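Bear in mind the structure is a predicted one, so any value in this text is a computation, not a measurement.
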Number of protein chains: 2
Amino acid sequence: MNLKVYTKYMEKMLTIQKMSQVTGLSTHTLRYYEKIGLISSIRRKENGYRLYSEADIVWVEFLNRLRAIGMPIQQMQEYAALRMKGDETITQRRKMLEDYNQQVQQQLFEVKQNLSAIQDKIKLYRKMEEEYERSKGLNRLIEGS
Amino acid sequence: MNLKVYTKYMEKMLTIQKMSQVTGLSTHTLRYYEKIGLISSIRRKENGYRLYSEADIVWVEFLNRLRAIGMPIQQMQEYAALRMKGDETITQRRKMLEDYNQQVQQQLFEVKQNLSAIQDKIKLYRKMEEEYERSKGLNRLIEGS
DNA sequence: GCTTGCATTAGAGTTCACTCTAAAGTATAT
DNA sequence: ATATACTTTAGAGTGAACTCTAATGCAAGC
């Protein structure tokens, strides 16, 4: 009889390829993030292949969120280092997130300002285009072309 | 008598240093932008020194806005090329700005989503910290420390 | 057993947007 | 005249965040 032993735990573990599909990071990037300390101590099969857990997925999805709001990798590394130290760093981590949240709010504000100026320019262009259309119509009337 | 002839025009022209102060771009970046075609045909003094006009300032400020909303330099180059062709490219330019405006709106939306998830995490951390404070208080009651 | 498609590593290469350097000429102040 | 502070150019260097390569090993299907 072929007895293969799985724990519930192991059944949920993902290869790097699956992990890549789930998180949207390339396998290259997953290894890179591990190398620079953003992801730590990934489990391995006997043959050395990586195995990612549910918790790893959750963590990488969080990293994705930090990246989506533009946090530089250096800060993510600091955050990851705090996280590895355990629960006594929660206050520091909260403060990091609050600070960065503030920065992003500020950036959003500035982008909106600039975007609004761009939108004004779009409106101006629309008016110039109308003006041009009008003059074409006029020319037709005058020149009968 | 020392007769130095200025036109009103020339009096307003800026050296690269002044231009740098006015626009916030370094002199290096001003030359770089010119080299890659973002800024074109800057006037020169007899000695070859650049002289920037009012119109140049307005244009560089516009470039600054495009950069502030994250437009890649390649697209700015396309835009600048259209601008150099003259008024008949206004419709194309308007469309470029509209398209990019749409993209930024989408990005803003996504950043806000992710930021909101981060803010939830901040709240969670605050609760964990309170919990921890409470348990310290309890311990004092129980252990009398 | 062989092919195809995974995995591993160290380290090199890429892209973007600057940023700086070196060598040389010009301008101003004393 | 000399020091300093500016300007010019071509081209090299930087830092961030990947992205890819090469060499090698493991695994599944036929």
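- Whole-Å rounding puts the I16(A) CD1 to dA27(D) P distance at 16 Å.
- Nucleic acid contact class of T15(B) (heavy atoms, under 4.0 Å, all strands): sugar-phosphate only.
- Atom CG of L30(B) is separated from atom P of dT9(D) by 12 Å (rounded to the nearest Å).
- Atoms CE (M13(A)) and P (dA7(C)) sit 15 Å apart, rounded to a whole Å.
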Under a 4.0 Å heavy-atom criterion, the protein footprint on nucleotides 14-25 of chain D, written with B, S and -, is --SBBBBB---B
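- Atom CD in E34(B) sits about 11 Å away from atom P in dA10(D), given to the nearest Å.
- Look at CD on Q21(B): it is 9 Å from P on dT7(D), rounded to the nearest Å.
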* To do: Please assess Q102(A) against D99(A) for the test side chain to side chain contact (heavy atoms under 4.5 Å, CB included), listing each intermediate value before the final yes or no.
  => CA-CA 5 Å; Q102(A) 264 307 306; D99(A) 286 358; 5.7 Å; no
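- The side chain to side chain donor-acceptor pair (under 3.5 Å) analysis of residues 107-120 of chain A, with sequence neighbours excluded, yields the pairs Q106(A)-E110(A), Q119(A)-N101(B).
- The two residues M71(A) and M76(A) make their nearest non-hydrogen contact at O-CE, 3.1 Å.
- Here the side chain of S20(B) pairs a donor or acceptor atom with the backbone of L25(B) at under 3.5 angstrom.
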- Task: Carefully, step by step, assess R93(A) and Y125(B) under the rule side-chain hydrogen bond (donor to acceptor under 3.5 Å, both in side chains).
- Result: CA-CA 8 Å; R93(A) 281 185 262 163; Y125(B) 277 169; 3.2 Å; yes
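- Contact check, R50(B) against dT7(D): no side-chain N or O comes under 4.0 Å of OP1 or OP2.
- By the ring-ring contact (aromatic ring centres under 6.0 Å, His included) test, F62(A) pairs with W59(A), Y79(A), sequence neighbours left out.
- Note: CZ (R31(B)) to C1' (dC18(C)) measures 14 Å, nearest angstrom.
- For dA7(C), neither phosphate oxygen OP1 nor OP2 lies less than 4.0 angstrom from any side-chain nitrogen or oxygen of N47(A).
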Check: After noting the C-alpha distance and the side-chain angles of E34(A) and R44(A), does the key distance pass the salt bridge (charged side-chain N to carboxylate O under 4.0 Å, His left out) rule?
Finding: CA-CA 13 Å; E34(A) 190 176 338; R44(A) 302 286 183 132; 3.6 Å; yes
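- Out of dC6(D), dA7(C), dT9(C), the shortest distance to the side chain of R44(A) is found at dT9(C).
- Protein atom CD1 of I42(B) is 15 Å distant from nucleotide atom C1' of dT8(D), rounded to whole Å.
- The interatomic distance linking I36(B) (CD1) with dG11(D) (P) rounds to 17 Å, in whole Å.
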